[in-house]
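Have a look at the structure below before the remarks.
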2 protein chains.
Amino acid sequence: MGFFDEIGKVAIGSRLRMLTDKVTEDAAQIYKLYHIDMQPKWFPVFYALTRQREKTITELAKAIGHSHPSVSKIISEMLKKGYVKENKDKTDGRRNVISLSKKGMKISAALEDQLIDVNAAIEEISAQAQHKLWEAIGEWEFLLEQKSLLRRVTEKKKERDGANVEIIDYKSEHQEVFRSLNVEWISKYFTMEESDYKALDDPQGYILDNGGFILVALYGGEALGVCALIKMNDGEYDFELAKMAVSPKAQGKNVGFLLAKAIIEKAKSLGAAKIYLESNTILKPAINLYHKLGFQKVPGKPTPYARCNIQMELNLN
Amino acid sequence: MGFFDEIGKVAIGSRLRMLTDKVTEDAAQIYKLYHIDMQPKWFPVFYALTRQREKTITELAKAIGHSHPSVSKIISEMLKKGYVKENKDKTDGRRNVISLSKKGMKISAALEDQLIDVNAAIEEISAQAQHKLWEAIGEWEFLLEQKSLLRRVTEKKKERDGANVEIIDYKSEHQEVFRSLNVEWISKYFTMEESDYKALDDPQGYILDNGGFILVALYGGEALGVCALIKMNDGEYDFELAKMAVSPKAQGKNVGFLLAKAIIEKAKSLGAAKIYLESNTILKPAINLYHKLGFQKVPGKPTPYARCNIQMELNLN
DNA sequence: TAAATTTGCGTAACTGGTTACGTAATTAAT
DNA sequence: ATTAATTACGTAACCAGTTACGCAAATTTA
């Protein structure tokens, strides 16, 4: 147990499994004690059948919370022992209606005594324990039903990553990063074009001096993401969101989202009403991100970029 | 869940298993979220190795509470991925010393972030729950360690069976039962002898009128066990415990023990100091019972019974 | 009424663990 | 110095569940 104390509650799964094993391991012995020739795994099926005379395989599976092949196997074993009988449904040839045989019902009577004693034993343990396992399980089932562990972990990750990400204004020292991060992804998926070089080689002249902005994302102090807001001369849009790039090192750390969120805030604070962007549908994570931020697809506009096959806009009002 | 509410806490095992499944099912996804190429089942091994540079298969198994073949399999999988390396111990050729490879250590660093988030997520669930699962598991582990479920159930069964058993004095109406129960086991394991017929055909004249006693055990009102105390003329012993018989129908219901206990009390109340009995070692449950009651083996005495190969006495002072 | 979809369920293959067993290396006992 | 017992650990077979798949019957849709 020392191991699990040290490792923390991450081990809750392993620990649950071990307790389950411990609670379960005696089951076979207990049946022997009552001279009941039955396998522990048959019990749920058995019990369900005592409650309701007849049930099909699928009904049984649903009732006891197993998959149907599991029930199918159990039934074929119980059939061999003669505890149940099967009966093809006359009106629906697919259904295999299972019921307890005479022999099965006799066993089921013997089981009742056992149930009483096992229940009493478990109640005894419960009474000796300060913390209520039964109720705790119920609560956990409910809480996990509401929000899965995966979702909870995802949220925690976002929170933690967010705290590590700092979004700052572009300074001339970032020019190298701004260029290299963009070259990296563009040349990975497409090829660099004329307009790329213009913006990347001279962000000061091409973007900032024209009334645009650039933000830089620091992760643990290192610049791992960049994003630009380019002033547009078109009457419809105020800015184009462009040259967004996140280092593979920071992938999955929510950097893109935080960066985009920040740049949208920036645009808002500058009184912008509509933002435009161009992208390509093979960049699925990017498209998803834009979608999540509220961008909507718009019909084709003229563009200098060959790689553009989708255009989107975000209305800020 | 309805099923389990209805069936009662007997289902604690199934319920634990389901919760375990639920907690565990997301594990693989969570690793993916962190871009860690690892199987959930490797985690305990991984973790144990980050804690202590080197460990043998068996040490790992002990540390994480698995069987050694399980660890053996996991290691061979991790080996294939290049996360660990093995090293035959120079001084002990049997030992296979495992340690993390460079690649393994890199993964282990990535794991740390994940651990933080998973722990946070689980703490969040814990905080939302009123009942403390973690502590409850700890208590159950302790309580089951102290006394296994099997032993607890056995005790409950004895209690319940005991309450159903009533020990009464022999009356003439019991002669038939007294005879038939004894004939049943004697002729099953041995053959009836002259002395048997004397006692069984005329318990009144042969046992009671000579200062002996007979007790009858009723189970649910039915006479299913008998036991006699025969007055002895020998200077050493006061009574012989004999003609104890329990119906197979009442087997495992503690009837024998209660009957013997009662007959010993009877002897005590009559001022007896020493009880004697004869038996045969092939009757193992009977010998165990006598032993449990405090009877000790004594060297051979003259006996009319061919089937006797062990003699025992109980000192009542 | 024919075609497409859904449902019931059996079989097969997989999974993450176990116990059983065999073998080689080491240690203890005579 | 043997012999016997113990230990480390790999392989095989099993176990109680699962998912994947396919077939046939029933139901829905066109």
Side-chain angles (χ1 to χ4, degrees), chain A residues 11 13-29 31 38-46 54-80 84-98, chain B residues 11 13-29 31 38-46 54-80 84-98:
Chain A
S14 302
R15 227 171 148 194
L16 275 168
R17 193 180 57 74
M18 285 184 180
L19 181 56
T20 309
D21 288 349
K22 200 152 209 169
V23 170
T24 310
E25 77 184 357
D26 286 348
Q29 295 285 89
Y31 285 104
M38 195 169 104
Q39 292 193 40
K41 64 171 168 171
W42 297 350
F43 174 75
V45 168
F46 221 98
E54 293 191 328
K55 267 180 184 294
T56 66
I57 299 281
T58 311
E59 282 163 3
L60 279 168
K62 193 172 279 176
I64 71 173
H66 281 195
S67 63
H68 88 258
S70 166
V71 174
S72 186
K73 258 191 274 184
I74 289 172
I75 290 296
S76 79
E77 288 171 25
M78 290 174 74
L79 217 49
K80 222 176 281 170
V84 293
K85 34 187 196 201
E86 42 183 11
N87 230 353
K88 277 277 167 210
D89 189 324
K90 286 272 151 53
T91 71
D92 183 341
R94 296 166 305 175
R95 308 173 83 220
N96 186 0
V97 182
I98 310 295
Chain B
S14 301
R15 216 160 160 205
L16 274 169
R17 193 179 57 72
M18 286 184 178
L19 180 56
T20 309
D21 288 349
K22 201 153 210 170
V23 169
T24 309
E25 77 186 358
D26 286 348
Q29 295 286 88
Y31 284 104
M38 195 168 103
Q39 291 194 39
K41 64 172 169 173
W42 298 349
F43 172 75
V45 168
F46 222 97
E54 295 190 327
K55 268 181 184 297
T56 65
I57 301 281
T58 312
E59 282 163 3
L60 279 168
K62 192 172 277 176
I64 71 174
H66 280 196
S67 62
H68 88 259
S70 165
V71 173
S72 188
K73 258 191 274 183
I74 290 172
I75 290 296
S76 79
E77 288 171 24
M78 292 174 73
L79 218 48
K80 222 176 281 170
V84 293
K85 36 186 193 199
E86 43 185 8
N87 229 351
K88 276 279 167 207
D89 189 325
K90 286 273 151 53
T91 71
D92 184 342
R94 296 165 305 177
R95 310 174 83 219
N96 187 0
V97 181
I98 310 296

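Just so it is clear, the values below take in all heavy atoms, side chains as well, and ignore hydrogens, waters and symmetry mates. Residue numbers begin at 1 in each chain, while the letters A, B, ... track the order of the sequences.
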Going 5' to 3' through nucleotides 14-25 of chain D, assign each nucleotide B (protein heavy atom under 4.0 Å from a base atom), S (under 4.0 Å only from sugar-phosphate atoms) or - (no protein heavy atom that close). --SBBBB----B
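Within a 6.0 Å sphere centred on NZ of K90(A), heavy atoms belonging to other residues, nucleotides or ligands number 12 at most. Summarising the local packing, NZ of K62(B) is surrounded by 12 or fewer heavy atoms from other residues, nucleotides or ligands at distances under 6.0 Å. Other residues, nucleotides and ligands contribute at most 12 non-hydrogen atoms within 6.0 Å of the NZ atom of K80(B).
Annotation: of the two residues near DNA chain C, T58(A) and D89(B), the 5′-most nearest-nucleotide partner is T58(A). Between K90(A) and I57(B), it is I57(B) whose nearest contact on DNA chain D lies nearer the 5' terminus.
At a threshold of 4.5 Å between non-hydrogen side-chain atoms, the residues L60(A) and I75(A) count as touching.
Of all the heavy atoms in V71(A) and I57(A), the pair that sits closest is CG1-O, 3.9 Å. Between A28(A) and P40(A), the shortest heavy-atom distance links the atoms N-CG, 3.7 Å. Across all their heavy atoms, G65(B) and M18(A) have their closest contact at O-CE, 3.5 Å.
Mapping heavy-atom proximity under 4.0 Å, the span of DNA chain C touched by chain B runs 5' to 3' from dG16(C) to dT26(C).
Nucleic acid contact class of T56(B) (heavy atoms, under 4.0 Å, all strands): sugar-phosphate only.
In summary, E54(A) and R95(A) do not engage in a salt bridge, as defined by a charged side-chain N under 4.0 Å from a carboxylate O.
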